[in-house]
Structures are given as C-alpha cells and as structure tokens.
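One structure is given below, encoded as structure tokens.
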Amino acid sequence: GGGQHPAPAAPSGQAQGDCLQLLLRRSREAKNCAYCPYSRFPVGAALLTAGGEIFSGCNVENACYSLGVCAERTAIQKAISEGHTSFKAMAIARKKRRFCIKARLLPLLQFGTDWDIYLTKADGTYIVKRLEELLPLSFGPEDLKK
C-alpha cells in the first residue's frame with residue numbers, strides 16, 4: 001500500500017480491522033505522554049508484535065539532546081525487554097500535518113524490513129509503507145556479514 005487513508009479504513013496490510021484501529025489509537029495515546037519541553041514536538045508509536053501484543057512509546061527529550069529517545073525506539077525497547085523480537089507493524093502519530101521519515105526508523109532494521117509502518121497525521125489520515133520501502137538503501141545487520 002502507499003495511498004492515503006482516512007483513519008476508519010483498514011488497508012490490506014498485516015494489521016487490519018479492530019487490530020489496526022487499536023494500533024493507531026495506542027500511537028495517539030502514547031503521543032499524549034510525550035515529554036518534549038524543548039522541541040514541543042510530541043510523537044507516539046505503537047508496535048505490533050508477531051504474537052499480537054502492542055507496545056507503545058513516546059519521545060522523551062533531555063536538555064542534553066543526544067540523551068533523548070524517540071518514540072519508535074522507546075516502543076521497540078519495551079517490546080524487546082519483554083522478550084519480543086518479531087514484529088508485524090508500527091503506527092507513528094505526530095502533530096504535524098505532513099508525513100515525515102527520519103533516521104529514527106533505523107533501529108527497527110535490526111528486526112527485519114518486511115513489516116508495515118503506518119504514518120499518521122494530526123487529522124487522523126495515514127499512509128502505510130513497508131519498512132523496506134522507507135529505508136531502501138539502509139545499513140542493517142546483513143551488511144555486517146559482508
């Protein structure tokens with residue numbers, strides 16, 4: 001997929017129907033918990049494991065910028081600390097009106113590229129892309145074997 005969808009629609013990706021709506025809602029809820037006094041840019045993420053569990057995370061800033069952590073890394077670290085390393089999808093909620101991808105998705109590559117990323121806007125619309133589509137020329141674990 002890759003088209004833009006209204007929030008109630010369910011694309012043909014791995015997360016569908018009620019599961020997709022829960023994933024999107026959990027990312028929005030996580031955004032409300034963000035600690036971002038410096039950027040004033042809250043982000044929330046919700047990660048769906050292969051087993052159907054959802055782990056959410058928000059960005060947590062620090063006055064020493066490099067010590068802050070993004071929402072995506074918070075969610076994946078929570079899942080890994082609970083023993084999960086296989087994932088189906090992640091929803092990312094932001095306050096901006098446009099979609100944006102940055103290097104903060106790179107840590108997700110450690111766990112494969114064949115999963116869905118739902119990027120949401122403040123108005124509830126979203127696009128869905130495969131992680132491999134968003135980071136086609138990225139450096140991952142397989143590159144260390146070369």
Side-chain angles (χ1 to χ4, degrees), residues 1-136 138-141:
Q4 189 169 320
H5 305 277
S12 59
Q14 292 180 349
Q16 294 187 10
D18 291 341
C19 182
L20 172 59
Q21 293 310 308
L22 180 59
L23 189 67
L24 294 169
R25 184 177 50 126
R26 294 279 302 274
S27 71
R28 290 189 304 269
E29 291 170 353
K31 181 181 74 171
N32 293 332
C33 295
Y35 178 75
C36 51
Y38 310 109
S39 71
R40 296 183 190 0
F41 189 79
V43 179
L47 178 64
L48 177 64
T49 69
E53 291 187 58
I54 295 176
F55 291 86
S56 60
C58 62
N59 56 321
V60 179
E61 294 180 350
N62 189 291
C64 179
Y65 291 148
S66 64
L67 296 180
V69 65
C70 67
E72 297 85 348
R73 285 186 10 221
T74 300
I76 205 160
Q77 288 169 351
K78 286 171 68 175
I80 292 165
S81 70
E82 295 294 325
H84 300 275
T85 58
S86 182
F87 308 106
K88 286 185 178 182
M90 178 179 273
I92 303 166
R94 307 163 28 121
K95 73 175 188 176
K96 292 281 186 176
R97 291 187 305 265
R98 63 181 182 89
F99 302 112
C100 179
I101 296 301
K102 293 195 177 189
R104 63 180 189 267
L105 292 180
L106 289 173
L108 307 181
L109 293 174
Q110 299 298 305
F111 306 97
T113 61
D114 189 29
W115 42 298
D116 295 325
I117 305 293
Y118 294 84
L119 303 166
T120 69
K121 290 192 215 175
D123 66 3
T125 59
Y126 64 86
I127 59 172
V128 59
K129 297 278 188 179
R130 303 297 285 170
L131 184 58
E132 60 198 353
E133 290 179 272
L134 296 172
L135 301 168
S138 57
F139 183 86

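We find the NZ-CD1 distance between K88 and I54 to be 10.5 Å, quoted to the nearest 0.5 Å. To the nearest 0.5 Å, the span separating CD1 on I76 from OG1 on T49 amounts to 11.0 Å. Note that SG of C33 is 11.0 Å distant from CG of N59, once rounded to the nearest 0.5 Å. Annotation: the span from Y38 atom OH to N62 atom CG amounts to 6.5 Å, rounded to 0.5 Å. The distance from the CD1 atom of I117 to the CD atom of E132 is 11.0 Å, given to the nearest 0.5 Å. Atom CE in M90 sits 6.0 Å away from atom CD in E72 (nearest 0.5 Å).
Of all the heavy atoms in F87 and A79, the pair that sits closest is CE2-CB, 3.8 Å. In this structure, L131 and G112 approach most closely via the heavy-atom pair CD2-O, 3.4 Å. A pairwise comparison of heavy atoms in F111 and I80 identifies CZ-CD1, 3.1 Å as the closest pair. Shortest non-hydrogen contact noted between T120 and Y126 is CG2-CB, 3.8 Å. Listed here is the closest heavy atom pair of G57 and A30: O-CB, 3.3 Å.
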Throw together a table of side-chain donor-acceptor distances under 3.5 angstrom for residues 40-47, partners on residues two or more places apart or in other chains.
residue: R40; atom: NH1; partner: P37; partner atom: O; Å: 2.5

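At a cut-off of 3.5 Å, with distance as the only test, no side-chain donor of E29 or S56 sits close to an acceptor on the other residue.
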message = Let's go through L109 and T113 carefully: what are the C-alpha distance in whole Å and the side-chain angles of both, what is the deciding distance for side chain to side chain contact (heavy atoms under 4.5 Å, CB included) to 0.1 Å, and is it a yes or a no?
response = CA-CA 6 Å; L109 293 174; T113 61; 3.4 Å; yes
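With hydrogens and angles disregarded, a donor-acceptor distance shorter than 3.5 Å links the side chain of E61 to the backbone of S39.
R130 and D116 are joined by a salt bridge, as a carboxylate oxygen and a charged side-chain nitrogen come within less than 4.0 angstrom of each other.
Scored by the side-chain contact (heavy atoms from CB on, under 4.5 Å) test, A91 finds L23, L24, S27, Y118 as partners (sequence neighbours excluded).
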